[in-house]
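Reviewing the structure listed below.
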Amino acid sequence: LREAPARAGDTVKAGQVLARMDDRELQLEKVRWETELEMAQRKEREAMAQADRVNQRLSAAQANQAMKTGQKLFLNSCAQCHASDGGGSRGFPNLTDKDWLWGGTPEAIVASITNGRMGVMPPFGPVVGEQGAKDVAAYVMSLSGQPNDAARAAKGAEVFKTACVA
């Protein structure tokens, strides 16, 4: 916005400046404002797109790390009974098929992890906590190819390996 000529002591308001501009000057000023706004919006969109790309890379890295941790937990604590691939062993259930002795729903798996089963599988609820049990349940579901939350399954794989002592 260009300044209106003023004399010492005069107070000039924006409306007075606009009133002194002709139609051509007003159009030019409007185009300048619209251009500035468009440039600012473009910069904001670019910044948001960059933030999204960073978040996607971070989420993928976190999920990858969580899956590695979950796998270690499983191997350290659960593989003794359920085998290193989750395929089970004599007297212990296969976690990779569709046949679930105590139910294959996320809730049933969480209940098995939290409370144990019939004196054969110890309860892990006090060890892994509520969120850990849900994460391990997602991991166990992933072993059999059931739909699951990948990020939660990745976390659960880590918990499974470190806490599921069989």
Side-chain angles (χ1 to χ4, degrees), residues 1 27 29-166:
L1 190 63
Q27 272 307 103
E29 197 62 33
K30 179 182 176 197
V31 168
R32 279 189 219 107
W33 289 342
E34 289 171 344
T35 303
E36 279 186 47
L37 177 61
E38 185 179 315
M39 288 174 26
Q41 289 171 335
R42 185 179 321 124
K43 284 182 181 180
E44 180 183 21
R45 284 190 304 270
E46 289 169 0
M48 294 302 290
Q50 176 66 22
D52 285 345
R53 288 189 295 273
V54 168
N55 285 336
Q56 288 171 355
R57 286 193 303 265
L58 182 59
S59 294
Q62 288 173 330
N64 186 35
Q65 181 58 42
M67 187 60 107
K68 288 178 182 178
T69 303
Q71 185 180 25
K72 288 177 187 175
L73 287 171
F74 181 85
L75 291 173
N76 289 335
S77 303
C78 305
Q80 296 88 334
C81 296
H82 295 288
S84 61
D85 64 354
S89 58
R90 188 178 190 121
F92 298 98
N94 179 346
L95 303 176
T96 65
D97 62 14
K98 305 277 188 236
D99 184 25
W100 293 82
L101 299 175
W102 305 102
T105 65
E107 296 79 16
I109 296 170
V110 168
S112 291
I113 294 165
T114 303
N115 304 319
R117 285 293 173 196
M118 312 242 341
V120 177
M121 180 177 158
F124 292 104
V127 176
V128 300
E130 183 179 341
Q131 291 304 312
K134 290 178 182 177
D135 293 343
V136 171
Y139 172 68
V140 169
M141 292 179 71
S142 76
L143 292 174
S144 63
Q146 292 189 53
N148 62 80
D149 179 331
R152 184 162 278 216
K155 291 177 188 175
E158 185 69 27
V159 174
F160 192 86
K161 290 176 187 170
T162 60
C164 295
V165 181

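For clarity, every value in this text was computed on a predicted model and none was experimentally measured.
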How close do [X] and [Y] get, counting heavy atoms only, and between which atoms?
{"X": "S89", "Y": "C81", "answer": "OG-O, 2.6 Å"}
{"X": "S144", "Y": "D97", "answer": "CB-O, 3.2 Å"}
{"X": "P106", "Y": "A137", "answer": "O-CB, 3.9 Å"}

Is it true that K30 and E34 make a salt bridge, defined as a side-chain N closer than 4.0 Å to a carboxylate O?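 Answer for the salt bridge query: yes.
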Set of side chain to side chain donor-acceptor pair (under 3.5 Å) partners for [X], sequence neighbours left out:
{"X": "T114", "value": "none"}
{"X": "E38", "value": "R42"}
{"X": "Q27", "value": "none"}

Give the table of side-chain donor-acceptor pairs shorter than 3.5 Å for residues 125-135, with sequence neighbours excluded, one pair per line with atom names and distance.
from: E130; atom 1: OE2; to: K134; atom 2: NZ; distance (Å): 3.4
from: Q131; atom 1: OE1; to: R152; atom 2: NH2; distance (Å): 3.0
from: D135; atom 1: OD1; to: R152; atom 2: NE; distance (Å): 3.1

For R90, all residues meeting salt bridge (charged side-chain N to carboxylate O under 4.0 Å, His left out), sequence neighbours excluded: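 If we apply the salt bridge (charged side-chain N to carboxylate O under 4.0 Å, His left out) test to R90, skipping adjacent residues, there are no hits.
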Please determine which of T105, N94, L95 meets the side-chain contact (heavy atoms from CB on, under 4.5 Å) test together with W100.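 When T105, N94, L95 are each tested with W100, the side-chain contact (heavy atoms from CB on, under 4.5 Å) holds only for L95.
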Kindly write out the residues that satisfy side chain to side chain contact (heavy atoms under 4.5 Å, CB included) with D85, not counting sequence neighbours, or none if the list is empty.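 Side chain to side chain contact (heavy atoms under 4.5 Å, CB included) list for D85, sorted by chain: A83.
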Is any side-chain heavy atom of N115 less than 4.5 Å from a side-chain heavy atom of W102?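 Of all side-chain heavy-atom pairs linking W102 with N115, none is under 4.5 Å.
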Got a donor-acceptor contact below 3.5 angstrom from the T96 side chain to the L143 backbone?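 Not at all, since once roles are kept as given, no pair shorter than 3.5 Å links the two residues.
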